[in-house]
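Because only heavy atoms are used, hydrogens play no part in the values below, and waters and symmetry mates are left out as well, while side chains stay in.
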Amino acid sequence: MSRNVLICGNDLLVEAILQHNIVQDKEISFIWYQKDVEFPDSVQDILNSAVMAKNLRLTATNTPEWNDIDLLLIGKSESASEKDLTFEESLRAEIHWTQLLINQAMANNFAGKVCFLTEHGEEQVFSALRFSGLPDNAIFGLGTLPLSMLVEKMISNILKIDVRQIHVSVLGTFADAVPAWSRGLVAGTPLLSLIAQENSLFTQNELTKIEERLKESSEKSLLPVILASIDRVFEALFSSFAQIIPLTHQVQVDEQKIAISEPVLLSTQGVSQLPTLNLSEDEKQKLVDIKDQVLSQIQSLTGGR
């Protein structure tokens, strides 16, 4: 499979993604979307830094060959990056940015996959699916994947166990996250059973501390784990090894469609839904409340339609 990635945005995260991949020198062709013909110095600096890469190719353009793009990565718009915006103003700026990009892409025969990187991924996934005509499996958001990887690493540090032996999914949204403790595993052992053991290194207090850390997390503090999350997405899309990871994707709530982060199978084919997790009653209720909140936000954008 070819690896042509069009990345959109000029924010810190987009620049970090490019620098990260330049250092790793992956066999990926990155095309950096620019709205203007003249590139700012910050863009030119990163283009220059890619010169030493042997495998990675980085170019910038305002007229990409949309029909050659395999993956569209969408970061923050310039409007949404402005200071002192309310949540509603930021959200509407991102939706407008989404529509501009998707409309341009579809008008030029784009048939790849789309991944949103922003905190408004739920509304952006819903919006893009609503008017793009792309299949459900082609559009998703990074969602709570970085938070899941952070939780697994924190548990790994506490228990001194390889992080690859730890599996905990964080559900919901980036701003309102629910760790699925009831389904967590440590080397195949239920996480909660470790808490029940006498003299265990892992206690309920540790879970509370981790949940507090999630609430305090910002894009800046999570930057390393966000980059690692994108590595996971690339591995799933550009290799024969699929990944079961939580991503923002479209789900059905009663008779309404919304988007939220839950575990999916991500592969070269895109996103495939998995059977619903058997959560605890408390986790189920928290997730229901989050879905209701996302539905309300989507209805406010669409006028209830």
Side-chain angles (χ1 to χ4, degrees), residues 1-35 39 42-77 94 97-98 100-106 108-118 121 124-125 128 132 134-135 137-143 145-146 223-243 245 247-249 266-271:
M1 179 180 180
S2 56
R3 302 178 177 188
N4 295 324
V5 177
L6 181 66
I7 189 165
C8 304
N10 287 61
D11 59 304
L12 172 64
L13 176 57
V14 167
E15 293 184 4
I17 291 169
L18 292 172
Q19 294 284 26
H20 173 71
N21 282 276
I22 289 170
V23 171
Q24 292 195 328
D25 198 15
K26 296 180 178 180
E27 292 185 0
I28 295 177
S29 176
F30 275 100
I31 303 95
W32 195 359
Y33 179 81
Q34 299 295 315
K35 292 195 300 182
F39 305 151
S42 58
V43 171
Q44 196 60 56
D45 286 343
I46 294 179
L47 292 175
N48 292 339
S49 72
V51 171
M52 295 303 293
K54 294 181 180 179
N55 300 304
L56 180 138
R57 181 171 179 265
L58 174 60
T59 57
T61 182
N62 67 335
T63 55
E65 296 290 338
W66 289 97
N67 57 326
D68 290 336
I69 302 303
D70 302 298
L71 175 64
L72 175 57
L73 283 180
I74 301 181
K76 284 184 179 179
S77 66
E94 294 293 20
W97 169 239
T98 298
L100 286 176
L101 289 173
I102 297 296
N103 285 343
Q104 186 177 349
M106 301 312 296
N108 290 278
N109 302 314
F110 172 75
K113 297 174 181 63
V114 182
C115 177
F116 291 100
L117 306 176
T118 77
Q124 287 177 293
V125 168
S132 70
L134 290 170
N137 68 337
I139 299 180
F140 56 93
L142 205 57
L145 175 57
L223 186 56
V225 76
I226 292 174
L227 297 177
S229 300
I230 294 169
D231 287 345
R232 294 277 297 272
V233 169
F234 283 177
E235 183 178 356
L237 291 177
F238 298 141
S239 78
S240 57
F241 297 100
Q243 300 263 344
I245 49 179
L247 295 170
T248 300
H249 65 290
L266 182 66
S267 69
T268 56
Q269 303 303 311
V271 169

Original post:
Using the ring of each side chain (for Trp, its six-membered ring), is F30 parallel, tilted or perpendicular to F234, with breaks at 30° and 60°?
Top reply: tilted
For a 4.5 angstrom cut-off between non-hydrogen side-chain atoms, does [X] reach [Y]?
X: H20; Y: I230; answer: no
X: L117; Y: I226; answer: no
X: E94; Y: I74; answer: no

[X] side-chain N/O to [Y] backbone N/O, donor-acceptor pair under 3.5 Å:
X: N4; Y: D68; answer: yes
X: N137; Y: Q269; answer: yes
X: R3; Y: F238; answer: yes
X: W32; Y: E15; answer: no
X: K113; Y: T268; answer: yes

Minimum heavy-atom separation for [X] to [Y], with atom names?
X: G143; Y: P146; value: O-CD, 3.5 Å
X: W97; Y: G75; value: NE1-O, 2.9 Å
X: L237; Y: S267; value: CD2-O, 3.2 Å
X: A236; Y: L266; value: CB-O, 3.3 Å
X: Q104; Y: W66; value: NE2-NE1, 3.5 Å
X: V14; Y: C8; value: CG2-O, 3.7 Å

To the nearest 0.5 angstrom, please state how far the [atom1] atom of [X] sits from the [atom2] atom of [Y].
X: L227; Y: L13; atom1: CG; atom2: CG; value: 7.0 Å
X: R232; Y: L142; atom1: CZ; atom2: CG; value: 11.0 Å
X: I28; Y: N21; atom1: CD1; atom2: CG; value: 5.0 Å
X: T98; Y: N103; atom1: OG1; atom2: CG; value: 10.5 Å
X: I17; Y: L223; atom1: CD1; atom2: CG; value: 8.5 Å
X: L47; Y: L58; atom1: CG; atom2: CG; value: 5.0 Å

Original post:
What do the steps show when you test L72 against I102 for side-chain contact (heavy atoms from CB on, under 4.5 Å), and what is the final call?
Top reply: CA-CA 10 Å; L72 175 57; I102 297 296; 4.3 Å; yes
**OP:** Test L101 against V114 for side-chain contact (heavy atoms from CB on, under 4.5 Å), laying out the working first.
**Re:** CA-CA 11 Å; L101 289 173; V114 182; over 6 Å; no
Original post:
So M106 and L134, side-chain contact (heavy atoms from CB on, under 4.5 Å) or not? Walk me through it.
Top reply: CA-CA 9 Å; M106 301 312 296; L134 290 170; 3.9 Å; yes
Subject >> Identified side-chain contact (heavy atoms from CB on, under 4.5 Å) counterpart of L73 within the set V5, V233, L6 >> reply: V5
**OP:** Kindly indicate, with the supporting measurements, whether the criterion side-chain contact (heavy atoms from CB on, under 4.5 Å) is fulfilled by V125 and H249.
**Re:** CA-CA 7 Å; V125 168; H249 65 290; 5.7 Å; no
